[in-house]
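All values derive from a computational prediction rather than experimental measurement.
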Amino acid sequence: MNDRPHVVVTVGPDGAVSAETRGVHGDRCLDYVAVLEDLLAARAVHSAYTADHTRAGVDLRQEEHDVDRA
């Protein structure tokens, strides 16, 4: 679907708000929790890590090397 990090926010019929980060690896997801708490003027009651927490982020890098072959 979308490879960029994003947050899915759900508001239940009772007004309860839940959010899940997707594509955010490691403890960076905690930054999103803090932002949502500020935006909603609320505090998290429950939180849990998703599978993305333990998945390593991919840092793409291209390198060139000159190789002398004998």
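- With sequence neighbours excluded, the residues forming a side chain to side chain contact (heavy atoms under 4.5 Å, CB included) with Val7 are Val9, Ala19, Thr21, Tyr32, Leu36, listed by chain and number.
- When all heavy atoms are compared, the tightest approach of Val24 to Cys29 is CG1-N, 3.4 Å.
- Residues Leu40 and Val17 meet the side-chain proximity criterion, which asks for heavy atoms closer than 4.5 Å.
- Note that CD of Glu20 is 8.5 Å distant from NE2 of His6, once rounded to the nearest 0.5 Å.
- Every pair tested for salt bridge (Lys or Arg N to Asp or Glu O under 4.0 Å) that includes a residue from residues 26-35 fails, sequence neighbours excluded, so the list is empty.
- Judged as a side chain to side chain donor-acceptor pair (under 3.5 Å), and not counting sequence neighbours, the contacts of Glu37 are Arg43.
- Take Tyr49 and apply the ring pair (Phe, Tyr, Trp, His ring centres under 6.0 Å) test, not counting sequence neighbours, and it matches His53.
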